[in-house]
Amino acid sequence: MEKDLTKETPSFFNPESINEFYKMPLEIDKAANPIRSYSESVFHDVQEADILVIGTPMHKI
């Protein structure tokens, strides 16, 4: 499985998304919120991965 975050960029945190992550479990409507469904899919992918490769530029200071 490969996830290219340059093609499918995650959304930035905003007050709406932060409030969504702090809801009580009984208040969560998973089908109605794309923010939560995207984040849960990413968490699931990371948990299921055998190897996690993070490609990021490195700069000498």
Side-chain angles (χ1 to χ4, degrees):
M1 199 270 207
E2 183 176 328
K3 186 175 283 282
D4 186 352
L5 296 179
T6 61
K7 294 178 182 173
E8 183 184 347
T9 58
S11 61
F12 289 104
F13 285 117
N14 56 33
E16 178 186 319
S17 63
I18 292 171
N19 287 335
E20 186 64 31
F21 293 121
Y22 283 97
K23 282 185 177 179
M24 298 298 290
L26 296 175
E27 297 174 354
I28 297 171
D29 182 10
K30 292 181 182 179
N33 195 320
I35 296 168
R36 182 173 286 277
S37 63
Y38 176 78
S39 66
E40 287 184 1
S41 73
V42 171
F43 293 143
H44 178 264
D45 293 345
V46 169
Q47 288 176 337
E48 294 296 316
D50 293 328
I51 298 172
L52 183 62
V53 177
I54 300 173
T56 183
M58 295 176 56
H59 303 283
K60 291 184 179 181
I61 298 178

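- Screening residues 9-18 for salt bridge (charged side-chain N to carboxylate O under 4.0 Å, His left out) gives no qualifying pairs among residues at least two apart or on separate chains.
- In this structure, Ile51 belongs to a hydrophobic cluster whose other members, linked by side-chain heavy atoms under 4.5 Å apart, are Val53.
- Legend: residues meeting side chain to side chain donor-acceptor pair (under 3.5 Å) with Ser17, ordered by chain and number and at least two apart, are Asn14.
- Partners of Leu26 by side-chain contact (heavy atoms from CB on, under 4.5 Å), not counting sequence neighbours: none found.
- The side-chain contact (heavy atoms from CB on, under 4.5 Å) test applied to Gln47 returns no partner, not counting sequence neighbours.
- Taken together through direct or relayed side-chain contacts under 4.5 Å among Ile, Leu, Val, Met, Phe, Trp and Tyr, Tyr38 and Phe43 form parts of separate hydrophobic clusters.
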